[in-house]
Amino acid sequence: MDGIDLVPVFLTLKLAAVTTAVLLAIGTPLAWWLASRNGGAKAVVEAAVTLPLVLPPTVLGFYMLIALGPRGFIGGTLEALGLPSLAFSFTGLVIGSVLFSLPFVVKPLQSAFELVGRNHMEAAQTLRATPMDTFFSVIMPMCRPAFVSAAVMGFAHTVGEFGVVLMIGGNIPGKTQVVSIAIYNHAEAMEYSHAHMLSAGLLVFSYITLLAVSLSGRRQPFKTL
């Protein structure tokens with residue numbers, strides 16, 4: 001990759017890794033709550049989680065920019081407290097990426113939790129296992145393929161983001177310029193060889209990701225029992 005600036009590649013991998021960790025941390029309890037509830041509250045939350053699947057990324061990015069900017073509710077509050085703005089920062093990119101990729105982590109985990117059902121929880125509780133012990137010792141091993149798929153899809157979707165990261169982070173080299181934006185810059189400057197190399201890398205990465213998810217789905221989800 002002679003002549004290619006690798007900083008956007010490293011920044012993209014860092015953004016995807018941090019985003020995936022945050023997604024699993026907040027997506028797991030959220031998916032568990034959705035899988036164990038019925039009624040209007042679940043429908044409202046589920047629609048909000050799924051919204052990024054149908055919403056144009058620039059729309060989400062625009063409202064995130066408004067909220068995180070110095071005149072927004074979040075950005076204005078941080079500025080009043082003397083804290084740095086989240087707009088056009090790596091932290092802002094993480095927040096936007098988490099919201100945009102949330103359904104790609106929550107939905108597979110929710111489906112796996114719903115498939116497990118409550119019987120295993122109740123059986124473990126009869127053996128005096130605490131809810132926390134039951135979740136980590138029974139539920140998580142049973143749902144391991146779903147966790148793998150959720151992590152892979154969350155990571156891959158973050159790597160391919162363009163609209164949200166451009167709106168929230170702009171195009172600052174070394175700070176917020178990720179691979180998708182670097183490709184756009186090279187194409188706009190008619191540096192097609194550089195754009196091709198980065199695009200081909202993303203193409204191969206995306207195919208390997210989908211292949212890995214497909215192969216993991218072939219495994220028996222509850223083979224540990």
Side-chain angles (χ1 to χ4, degrees), residues 15-69 72-78 86-87 91-122 124-125 130-136 138-165 167-168 213 216-217 221-222:
L15 175 63
V18 174
T19 298
T20 303
V22 175
L23 281 169
L24 290 175
I26 67 175
T28 300
L30 179 57
W32 180 258
W33 185 86
L34 289 171
S36 58
R37 292 290 188 278
N38 289 306
K42 175 185 177 180
V44 171
V45 175
E46 196 166 30
V49 170
T50 312
L51 191 60
L53 291 177
V54 297
L55 196 66
T58 50
V59 174
L60 178 61
F62 172 72
Y63 284 113
M64 287 293 299
L65 179 61
I66 295 298
L68 299 180
F73 172 72
I74 299 176
T77 302
L78 293 176
L86 294 176
T91 304
L93 288 185
V94 172
I95 295 174
S97 299
V98 167
L99 292 178
F100 191 54
S101 298
L102 192 60
F104 291 88
V105 171
V106 171
K107 298 307 289 183
L109 293 180
Q110 180 185 347
S111 298
F113 293 153
E114 289 174 343
L115 189 61
V116 169
R118 305 293 299 179
N119 292 338
H120 298 285
M121 290 283 293
E122 294 170 356
Q125 288 171 358
T130 65
M132 193 67 71
D133 290 337
T134 304
F135 183 80
F136 285 103
V138 178
I139 304 301
M140 284 193 69
M142 293 175 68
C143 299
R144 186 180 296 117
F147 277 98
V148 172
S149 296
V152 171
M153 292 303 295
F155 189 95
H157 193 250
T158 303
V159 168
E161 283 182 31
F162 178 77
V164 172
V165 295
M167 293 295 289
I168 299 176
V213 172
S216 67
F222 305 140

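Predicted model only: the values in this text are computed from it and were never measured.
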* Structure fact -> Leu78 meets the side-chain contact (heavy atoms from CB on, under 4.5 Å) criterion, sequence neighbours left out, with Ile74, Leu83, Leu86

* Phe162: what forms a side-chain contact (heavy atoms from CB on, under 4.5 Å) with it, not counting sequence neighbours? -> Leu166, Ser180, Ile181, Tyr184

Shortest non-hydrogen contact from [X] toward [Y]:
X: Leu65; Y: Ala87; result: CD1-CB, 4.0 Å
X: Phe100; Y: Pro52; result: O-CB, 3.6 Å
X: Leu23; Y: Ser101; result: CD1-CB, 3.7 Å
X: Lys42; Y: Leu34; result: CE-O, 3.0 Å
X: Ala16; Y: Val159; result: CB-CG2, 3.7 Å
X: Phe136; Y: Pro141; result: O-CD, 3.5 Å

* **Short side-chain to backbone donor-acceptor contact, Thr50 and Ala47, under 3.5 Å** => no

What's the spacing between [X] [atom1] and [Y] [atom2] if we round to 0.5 Å?
X: Leu68; Y: Leu93; atom1: CG; atom2: CG; result: 10.0 Å
X: Thr20; Y: Leu15; atom1: OG1; atom2: CG; result: 8.5 Å
X: Cys143; Y: Gln110; atom1: SG; atom2: CD; result: 12.0 Å

Answer whether the closest heavy-atom distance between the side chains of [X] and [Y] falls below 4.5 Å.
X: Ile95; Y: Ile168; answer: no
X: Leu60; Y: Leu51; answer: no
X: Ser97; Y: Val165; answer: yes
X: Val105; Y: Leu102; answer: no
X: Thr28; Y: Phe135; answer: yes
X: Pro57; Y: Met167; answer: no
X: Ile66; Y: Phe73; answer: no

* **Verdict with supporting geometry, Val45 and Leu30, side-chain contact (heavy atoms from CB on, under 4.5 Å)** => CA-CA 9 Å; Val45 175; Leu30 179 57; 4.0 Å; yes

* side-chain contact (heavy atoms from CB on, under 4.5 Å) assessment of Thr19 paired with Phe155 -> CA-CA 7 Å; Thr19 298; Phe155 189 95; over 6 Å; no

